[in-house]
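Before any comments, here is the structure.
All heavy atoms count here, side chains included; hydrogens, waters and symmetry mates do not.
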Amino acid sequence: MQALSLISDSPNGLSVAELADKMGIDRAIAYRIVGTLELDGFICRASNGHIHLGGAILTLASGMEPQLRSCAGPVLHRLAQDTRATAFLSVARGAEAVALLVAESEAGPIRVSYRVGSRHPLERGAAGIAILAGRPATRNDSDAVREARSKGYSVTRGELQRGAVGVAAPVHFAARAGLALEASVGVVALDDLDIDRAAPLVVASAAEISRFLRG
């Protein structure tokens with residue numbers, strides 16, 4: 001697992017010697033580790049001999065979202081009821097945030113519609129801004145992303161739907177063995193959303209899902 005993590009952090013790949021040095025082990029041991037991982041398809045070798053992640057990693061990654069749905073469903077349902085709003089789990093897909101799971105509150109006659117599969121640019125909407133806030137800081141970050149990173153959650157008003165207020169927090173998932181998943185948890189409601197009450201509940205829900213992902 002340590003070898004896979006080191007390889008995933010090296011965009012240009014690693015030689016066996018470099019891997020051995022980073023792991024602090026003998027090269028003979030590194031060769032045996034590489035041989036086992038290569039046999040199972042978790043790594044592959046480029047023409048220059050450098051080691052990169054292999055196709056088997058994609059199989060592992062594809063299993064993350066179903067597990068995330070299973071874990072997040074009860075958390076979102078509880079969040080929706082506690083905030084009397086529509087709760088959602090969104091993931092990053094390229095430059096967009098995509099709603100993976102949605103739970104609606106049973107309270108109140110009016111609900112904000114947020115469909116599974118709904119997508120919008122990461123730079124707009126609470127979900128996308130929260131995902132960006134979960135990334136390492138860069139000089140190109142917007143003021144909204146910087147504020148969300150400082151507070152631990154984002155707040156937007158009317159960016160995706162007139163009269164709608166969104167609150168979202170990043171899911172902190174430390175990638176291991178190349179399994180990178182960027183996500184956020186949040187709620188969306190009309191102007192009467194109690195942000196002071198909703199924000200701590202959103203952050204707590206994101207933390208609960210983060211703990212599951214970290215195992």
Side-chain angles (χ1 to χ4, degrees), residues 1-73 75 88-101 116-123 127-141 145 149 169-185 206-215:
M1 294 301 294
Q2 183 186 4
L4 287 173
S5 182
L6 289 169
I7 295 167
S8 73
D9 290 335
S10 304
N12 297 320
L14 292 173
S15 67
V16 175
E18 289 170 334
L19 180 63
D21 289 342
K22 287 179 178 291
M23 295 182 68
I25 60 176
D26 186 81
R27 291 189 185 183
I29 298 175
Y31 271 106
R32 287 200 293 270
I33 292 173
V34 167
T36 299
L37 293 174
E38 189 174 20
L39 184 64
D40 291 333
F42 287 104
I43 63 171
C44 60
R45 298 186 196 233
S47 57
N48 63 359
H50 280 197
I51 305 159
H52 298 264
L53 295 181
I57 290 295
L58 297 176
T59 302
L60 289 179
S62 68
M64 282 300 302
E65 287 191 2
Q67 292 184 38
L68 192 56
R69 287 190 182 95
S70 176
C71 159
V75 177
F88 58 83
L89 169 72
S90 293
V91 296
R93 295 269 177 83
E96 295 181 314
V98 181
L100 186 67
L101 196 63
V116 170
S118 296
R119 59 180 62 219
H120 58 81
L122 289 173
E123 294 81 8
I129 292 173
I131 289 173
L132 293 175
R135 296 177 176 177
T138 72
R139 70 179 73 180
N140 297 321
D141 287 336
V145 171
R149 187 178 291 119
V171 172
H172 293 288
F173 172 50
R176 291 292 183 269
L179 295 179
L181 187 148
E182 297 179 302
S184 65
V185 171
E208 184 174 350
I209 294 173
S210 297
R211 287 193 295 273
F212 167 81
L213 289 173
R214 288 195 294 265

* To do: Check side chain to side chain donor-acceptor pair (under 3.5 Å) between Arg45 and all other residues, then give those that pass, not counting sequence neighbours.
  => Glu38
* From Ile51 atom CD1 to Ile43 atom CD1, the distance as rounded to the nearest 0.5 Å -> 5.0 Å
* Structure fact -> Looking only at heavy atoms, the pair that brings Leu53 and Ser8 closest together is CD1-CB, 3.6 Å
List the atom pairs, donor and acceptor, that lie under 3.5 Å between side-chain atoms in residues 20-35 and the rest of the protein, sequence neighbours left out.
| unit_1 | atom_1 | unit_2 | atom_2 | d |
| --- | --- | --- | --- | --- |
| Asp26 | OD2 | Ala28 | N | 2.9 |

Listing, residues 10-17 side-chain donor-acceptor contacts under 3.5 Å, not counting sequence neighbours, or none:
| unit_1 | atom_1 | unit_2 | atom_2 | d |
| --- | --- | --- | --- | --- |
| Ser10 | OG | Leu6 | O | 3.0 |
| Ser15 | OG | Glu18 | N | 3.0 |
| Ser15 | OG | Glu18 | OE1 | 3.4 |

* Asked: Okay, side chain of Ser210, backbone of Ala206: is any donor-acceptor separation there less than 3.5 Å?
  -> yes
* **Smallest separation among heavy atoms of Ser90 and Ala127, with atom names** => OG-CB, 3.7 Å
* Work out which heavy atom in Leu89 is nearest to a heavy atom in Ala183; give both atom names and the distance. => CD1-CB, 4.2 Å
* Asked: What do the steps show when you test Leu122 against Glu182 for side-chain contact (heavy atoms from CB on, under 4.5 Å), and what is the final call?
  -> CA-CA 11 Å; Leu122 289 173; Glu182 297 179 302; 5.9 Å; no
* **Thr138: side chain to side chain donor-acceptor pair (under 3.5 Å) partners, not counting sequence neighbours** => Asp141
* To do: Under the side-chain contact (heavy atoms from CB on, under 4.5 Å) rule, collect the residues that match up with Glu96, sequence neighbours excluded.
  => Arg119
* Looking only at heavy atoms, what is the nearest atom pair of Ile131 and Ala97, with distance? -> CD1-CB, 4.3 Å
* Structure fact -> So CG of Leu37 and CG of Leu4: to nearest 0.5 Å the spacing works out to 5.0 Å
